[in-house]
Every structure is written in C-alpha cells, then in structure tokens.
Amino acid sequence: LESDEALVVEGKMPNCTFANLVLWNRFLQTLDYAHRTVSLNRKQMKIEEDGSYRIVLSPKRPPGEVNWIDTEGRNQGTMFWRFFLVEENVATPSAKVVKMDELFQV
C-alpha cells in the first residue's frame with residue numbers, strides 16, 4: 001500500500017467459536033499489538049445480521065470506521081485469519097485497494 005491507500009476487506013463470517021484477523025510482518029511476527037490495533041477478533045468486529053463484514057486496513061482510522069486495523073504505515077505484510085470450531089465452509093473474502101480520501105469522505 002502507498003501512504004495514501006487503504007485495503008478494504010469484505011466477506012461473510014462463518015459460524016464458529018472464534019475468528020480473528022491479525023497483521024504480521026515479513027518475519028511472521030505480530031505487529032505492535034500492545035500499543036496499536038493490529039488485529040480484530042469476532043467479538044470486536046461489527047458484523048451485520050447477514051454475517052457480512054467490512055474491515056479497513058490503513059495507517060489512519062477513517063471517521064466512524066468500527067472495523068479498523070492499523071498498518072503502522074507499513075506498505076506490505078501478511079494478513080492471517082484464524083477460525084476455531086467452524087460449522088460451515090469459510091468463504092474467501094474480497095480485498096481491494098482504495099484511496100484514503102474515499103474513506104475519509106463522510
């Protein structure tokens with residue numbers, strides 16, 4: 001990602017006991033979880049009644065965005081999903097790069 005871009009991830013959350021999305025660096029280490037929001041679990045996410053979600057990965061939190069993960073300004077890394085005790089197939093989420101200006105429009 002460039003400094004003026006964000007990654008928007010959209011999908012449908014499966015029925016499961018636990019799910020989370022966490023960001024890792026190139027050495028497969030979790031980013032600074034002690035001081036930044038670098039992961040979201042199922043309980044932290046706003047999930048719509050139909051199970052759909054939208055998560056924004058960016059260096060700055062867009063206004064009103066609940067499902068936000070801080071990239072720490074990094075332009076690359078790994079997103080790692082974990083699902084425990086899944087009751088159905090996990091659908092592959094979609095991801096698209098957008099300009100930050102689009103997210104900051106209210």
Side-chain angles (χ1 to χ4, degrees):
L1 294 174
E2 298 298 329
S3 61
D4 65 339
E5 294 177 330
L7 185 68
V8 177
V9 178
E10 297 178 319
K12 186 167 189 263
M13 186 63 65
N15 289 326
C16 59
T17 302
F18 175 85
N20 83 329
L21 174 61
V22 61
L23 299 186
W24 287 350
N25 65 23
R26 66 185 177 148
F27 302 109
L28 304 181
Q29 299 167 319
T30 304
L31 301 186
D32 186 7
Y33 61 87
H35 301 100
R36 296 173 177 257
T37 304
V38 296
S39 69
L40 285 175
N41 66 44
R42 180 184 181 93
K43 295 226 182 223
Q44 294 169 317
M45 287 183 207
K46 179 180 185 274
I47 301 172
E48 301 300 327
E49 287 186 29
D50 66 356
S52 64
Y53 61 83
R54 170 185 136 132
I55 301 171
V56 175
L57 288 71
S58 64
K60 294 180 185 172
R61 183 181 215 136
E65 187 59 56
V66 178
N67 294 340
W68 172 70
I69 296 181
D70 186 353
T71 63
E72 297 182 351
R74 297 169 187 261
N75 62 359
Q76 61 182 326
T78 301
M79 295 186 303
F80 185 78
W81 282 97
R82 287 186 278 204
F83 299 97
F84 297 158
L85 300 175
V86 181
E87 298 174 8
E88 59 191 281
N89 289 333
V90 178
T92 302
S94 66
K96 66 180 176 177
V97 176
V98 300
K99 293 291 185 187
M100 289 291 295
D101 290 347
E102 294 175 37
L103 297 174
F104 282 95
Q105 293 174 354
V106 178

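Atoms CD1 and CG, from I69 and L21 in turn, are 4.0 Å apart once rounded to the nearest 0.5 Å. Taking OG from S94 and NZ from K12, the interatomic distance works out to 14.0 Å, rounded to the nearest 0.5 Å. Here the straight-line distance linking atom OG1 of T78 with atom CD of Q29 works out to 11.5 Å at 0.5 Å rounding. Atoms OG and CG, from S58 and D70 in turn, are 7.5 Å apart once rounded to the nearest 0.5 Å.
In the hydrophobic cluster analysis, where Ile, Leu, Val, Met, Phe, Trp and Tyr join through side-chain heavy atoms closer than 4.5 angstrom, M45 is grouped together with V9. V66 and L57 fall into different hydrophobic clusters, where Ile, Leu, Val, Met, Phe, Trp and Tyr side chains are chained together by heavy-atom contacts under 4.5 Å. Under a hydrophobic-cluster definition in which Ile, Leu, Val, Met, Phe, Trp and Tyr are linked whenever side-chain heavy atoms come within less than 4.5 Å, directly or via other members, M79 and V38 are assigned to the same cluster. One hydrophobic cluster, built from ILVMFWY side chains closer than 4.5 Å, holds both I55 and L7. By the criterion of side-chain heavy atoms lying less than 4.5 angstrom apart, applied directly or through intervening Ile, Leu, Val, Met, Phe, Trp or Tyr residues, V86 is grouped together with L40 in one hydrophobic cluster.
Put simply, the side chain of K99 does not reach to within 4.5 Å of the side chain of E2, judged on heavy atoms. Contact check for P62 versus V56: side-chain heavy atoms found under the 4.5 Å cut-off. Contact annotation: the side chain of E72 never approaches that of L23 to less than 4.5 Å [non-hydrogen atoms, C-beta and beyond]. Two residues are said to be in side-chain contact when any heavy atoms from C-beta on lie closer than 4.5 Å; D101 and D4 fail this criterion. Using a 4.5 Å heavy-atom threshold, the side chains of M13 and F83 count as touching. The shortest side-chain heavy-atom distance between L31 and N25 falls under the 4.5 Å cut-off.
Atom CG of D50 is surrounded by more than 12 heavy atoms from other residues, nucleotides or ligands within 6.0 Å. No more than 12 heavy atoms of other residues, nucleotides or ligands lie within 6.0 Å of OH in Y33, so this atom counts as exposed by the packing criterion. When the shell of 6.0 Å around CD of E88 is examined, it contains more than 12 heavy atoms from other residues, nucleotides or ligands.
Side-chain N or O atoms of N41 include none that pairs as donor or acceptor with a backbone N or O of N20 at under 3.5 Å.
By the 30° and 60° cut-offs, the orientation of the rings of W81 relative to Y53 is tilted.
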**OP:** Evaluate the criterion salt bridge (charged side-chain N to carboxylate O under 4.0 Å, His left out) for residue pair E10 and K96; output intermediate values, then yes/no.
**Re:** CA-CA 9 Å; E10 297 178 319; K96 66 180 176 177; 5.1 Å; no
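The minimum heavy-atom distance between E5 and P59, with the atom names listed, is O-CD, 3.9 Å. Listed here is the closest heavy atom pair of V90 and P14: CG2-CG, 3.9 Å. The shortest non-hydrogen separation linking Q44 to S39 is OE1-O, 3.9 Å. Nearest heavy-atom pair across M100 and K60 is CE-O, 3.6 Å.
Of the charged side-chain nitrogens involved, at least one lies within less than 4.0 Å of a carboxylate oxygen, so that K46 and E48 count as a salt-bridged pair.
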